[in-house]
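Remarks on the structure that follows.
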Amino acid sequence: MIRSIENGCRRGLSHVDAALNRLYGSRWNPVYHSGAIIVALLLVLLATGVYLLVFYRVGSPYASMERIQEQIWAGRWIRSLHRFAADAAVVAIVVHAIRMFAQSRSWGPRALAWMTGVVLTGVLMICGWTGYVMVWDVQAQVMAMELARVVDVLPILSEPLSRGFVGERPVPSAFFFMNLFLHVALPIGLGLLLWLHVARSARPALLPPRALMWGVIGMLFVASVVWPVALAPEADMFRLPDAAEYDIFYSFWIPLTQALSPWAVWALLLGTTAVLLAVPLVTRSAAGQKPAASFVVERLCTGCEQCVRDCPYDAISMVERIDGRTGLAARVDPAVCVSCGICAGSCAPMGVGPPGRTGRDQMARAREFFERRRPGARDVVVVGCTRGGALAMPADDGTAAMPVDCVGNLHTSVIEYLLRAGAGGVMVVSCPADDCRNREGAKWLEQRVHHGREAELKERVDRDRVRLIEATSVEGARVLREVAAFRSTLPEVRSYEEGEIDLISLCERSEQEVGG
Amino acid sequence: MTTTLRRAIALLVALGVTFGIAALSRVSYTPEPTPDAMLRLSWRVPGEYIEECRTPSAEELARQPVHMRRELVCEGSLVPYRLRVQLDGHVVIDETVHASGARQDRPLYVLRELRLTPGSYHVDVNWSPALELPRTESDATPPPDAARTLTLAAELSLAEREIALITYDVDDRVLRARGAGLVRSENGVR
């Protein structure tokens, strides 16, 4: 069942992605940068929060909020921006979590990121609670009383917290001081958790592309100026709360706590948390299907360190060789490796990669593919990521599609081989670069083909016969159109003489050397 | 789709999402859909601590380490109270309130909420020790917070959503009624 939910989410997201890519381009598609947008919004919260802190008074919280609200040129919109940024962060968290779930990026070595993400969300919600209670308006009163009612059922306090909000005496400044302290201290905890959240990613993108970041902030700013939030009536302990405006992102739980008994609320809360924390367990592949970690054939390793540089998860390090030669060789940490296979594409001598997906394995598959399909001089071979648009092409065209797990996995020698063997052109269809399941697959391939990154596509390969495009899994028809357009631009004359360089024999020779 | 049209749609979508978030940030909600009024009783009293003391036997003392031998061994607890509330002559609360805390050695507290239809009510509250306190000659002058019976009679006229609060006045050591709906009240101590 979990797979069908995952697939359903993935299909739904693909349509949204495709639509947003058409509008904003894949580089600035906000859903691809949902995680980084959250960090940008936290920075907005920090900046606006510092301003609000200057004017906030724990001794007279509501009166100080009124004074802030009266500052038409600053306080009013800054408070609104603070609130809208917090709301947008919740939206971005939901989008980010659904993406990670749908792309099966929540288990194995990625479980740490998922778990810390769940904790981060919880801390953000608590931080939001403290922020709203600080205002001490009607919403704050209801949020405080409802939480107190739920906590009171626990046998940990000799007196109920609720008695603090019944009007017996004014709510003490100490309460607001505690809230203020938590509201300031918790973001520091968020920072630490965020560090842990990205600890297993190399080169984590903490901020979205600049244009997107300022676009998001600009939109929230416009909403804050044009439609600022009003201050709700002050909390009144001698009146049952009447209709007021509530922030659905941080108060969504109030109807639940009102309708359910406190124990049922605790059961729901703990149950939801347990389900979220258990996602890595339920989404992981069955033991037999679990992709194996990459391995290094030390005899082929030249110690160039390119796989170390390219690995998106810092799973490869250089260690002393054990094959008798001097120097260092690459070593994969299986506990951290997610089996993305990007190292296979980075290794010129094809000495590293997951079992069955090394450069040599890819060459063997390319040969088998070529012998089966025999593409001619006017044919285009489409090499595509299994999650991208290549495999969604309509089948009736006859265009040969060769799947790879991720284009970052693809060794450039495969492209050269296909062209030398007789294909007119090779089109590599990747997922959008910012939506690569393996983070940097499309990015590294582009650099290997066009910018000489190791293991680069050799200069001798005619670039007019190679095209890279990005497509989501619902853009098969567009891929087909791109193929047709590419085919029409292919040079008439073949670039290579048969047998000029026999890549397959080169590979086989190396294989025998390794075997021997 | 022309570039201008695409940009216009992109801008509209961005504005729609942004203002959608802004709208969801201010959803009108009524946490208390029924326009009831409420009578709330909330107070905290230190309670009266009673002890029973006895002189341990010589054998008992001999079993104790030297530094733990005491002439008197006392065990005590806080006196429970009975809370009785009548509304227009009908008993709506009649229960015994024990001291709080796992060992029942923390102050006694009361927190009860009664939802009422808006209107006028006569409320009688009686807060009295639930057991007879042992009195000796040395107790002739009870301490200030000694167990006493507190009473309150109040006339309430509650409008929609109004809350009347009955609480304990720590300074005067009497029950008091507060809130907009209070017409008149009279408290007593026995």
Side-chain angles (χ1 to χ4, degrees), chain A residues 19-20 22-25 28 30 80 83-84 86-88 90-91 138-139 141-142 145-146 152 155-160 162-163 166-169 215-216 218-224 226-230 232 236-252 254-255 258, chain B residues 1 6-15 17-38 40-44 99-111 113 115 159-168 170 176 178-182:
Chain A
L20 291 177
R22 276 198 293 277
L23 288 178
Y24 301 102
W28 294 283
S80 297
R83 178 154 162 172
F84 294 157
D87 295 337
V90 174
V91 175
V138 175
Q139 182 183 202
Q141 178 188 357
V142 174
M145 291 182 73
E146 280 304 309
D152 282 343
I156 51 173
L157 298 170
S158 63
E159 279 183 59
S162 303
R163 282 195 56 247
V166 293
E168 212 179 314
R169 56 187 175 275
V216 170
M219 280 290 156
L220 294 175
F221 171 73
V222 168
S224 307
V226 174
W227 199 21
V229 282
D236 183 353
M237 298 307 173
F238 291 96
R239 275 191 73 78
L240 290 170
D242 207 342
E245 288 181 346
Y246 285 71
D247 185 339
I248 207 166
F249 299 101
Y250 290 89
S251 307
F252 63 90
I254 289 177
Q258 288 184 320
Chain B
M1 200 187 321
R6 187 179 59 79
R7 284 182 181 163
I9 295 173
L11 183 65
L12 282 176
V13 169
L15 284 170
V17 171
T18 308
F19 280 86
I21 290 172
L24 289 172
S25 185
R26 60 187 99 197
V27 175
S28 182
Y29 177 66
T30 312
E32 303 287 349
T34 53
D36 287 342
M38 180 180 275
R40 182 182 277 157
L41 298 101
S42 174
W43 63 81
R44 174 187 195 265
S100 56
R103 294 169 58 187
Q104 298 201 331
D105 58 352
R106 306 288 301 145
L108 293 94
Y109 74 84
V110 168
L111 178 58
E113 290 177 336
R115 285 185 175 269
E160 286 185 0
R161 300 187 181 281
E162 272 185 354
I163 299 174
L165 173 72
I166 294 175
T167 187
Y168 177 67
V170 181
R176 285 204 193 284
R178 292 168 60 190
L182 175 67

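Each chain gets a letter, A, B and so on, in the order its sequence line appears, and its residues count up from 1. Here the structure is a predicted model, which is why all the values come from computation and not from measurement.
Both the backbone and the side chain of R44(B) come within contact range of chain A, each with at least one heavy atom under 4.5 Å from a heavy atom of that chain. Contacts between A23(B) and chain A at a heavy-atom distance below 4.5 Å involve backbone atoms as well as side-chain atoms. Interface residue R6(B): backbone and side-chain heavy atoms are both found under 4.5 Å from chain A. With a threshold of 4.5 angstrom between heavy atoms, R26(B) approaches chain A through its backbone and through its side chain. Proximity to chain A (any heavy atom under 4.5 Å) is shown, for L15(B), by both the backbone and the side chain. Looking at Y109(B), only its side chain comes within 4.5 Å of chain A, counting heavy atoms on both sides. Only the side chain of V142(A) has a heavy atom closer than 4.5 Å to any heavy atom of chain B. With a 4.5 Å cut-off on non-hydrogen atoms, V110(B) touches chain A through its backbone but not through its side chain. Residue contact with chain B, scored on non-hydrogen atoms closer than 4.5 Å, involves the side chain of V91(A) exclusively. For P255(A), the parts sitting under 4.5 Å from any heavy atom of chain B are the backbone and the side chain alike. For R83(A), the part lying near chain B is the side chain, with the backbone staying farther off; criterion is any non-hydrogen pair under 4.5 Å. When heavy atoms are compared at a cutoff of 4.5 Å, Q258(A) approaches chain B solely by way of its side chain, counted from C-beta outward.
Counting heavy-atom pairs closer than 4.5 Å to chain A, the top-ranked of the candidates S25(B), A14(B), A99(B) is S25(B). Your options are V166(A), V226(A), I248(A), and the one with the most heavy-atom pairs under 4.5 Å with chain B is V166(A). Per-residue counts of heavy-atom pairs under 4.5 Å with chain A were compared for S28(B), S100(B), S42(B); the largest is that of S42(B).
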request  = Kindly indicate, with the supporting measurements, whether the criterion side-chain contact (heavy atoms from CB on, under 4.5 Å) is fulfilled by T18(B) and V222(A).
outcome  = CA-CA 9 Å; T18(B) 308; V222(A) 168; over 6 Å; no
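When atom types are taken as modelled, the side chain of S251(A) and the backbone of D247(A) share a donor-acceptor pair closer than 3.5 angstrom. E113(B) contributes no side-chain N or O that, together with a main-chain N or O of M38(B), makes up a donor-acceptor pair within less than 3.5 Å. No donor-acceptor pair under 3.5 Å is formed between the side chain of S158(A) and the backbone N or O of G101(B). Formation of a donor-acceptor pair under 3.5 Å by the T167(B) side chain with backbone atoms of W43(B) is not found in this model. Judged by distance alone, the side chain of Y250(A) and the main-chain N or O of A86(A) form a donor-acceptor pair under 3.5 Å.
To the nearest 0.5 Å, the span separating CE on M237(A) from CZ on R178(B) amounts to 11.5 Å. Residue I166(B) holds its CD1 atom at 12.0 Å from CD of E168(A), rounded to the nearest 0.5 Å.
The neighbour count for R7(B) CZ, taken as heavy atoms of other residues, nucleotides or ligands under 6.0 Å away, does not exceed 12.
With sequence neighbours excluded, the residues that form a side chain to side chain contact (heavy atoms under 4.5 Å, CB included) with R239(A) are D236(A), R161(B), E162(B).
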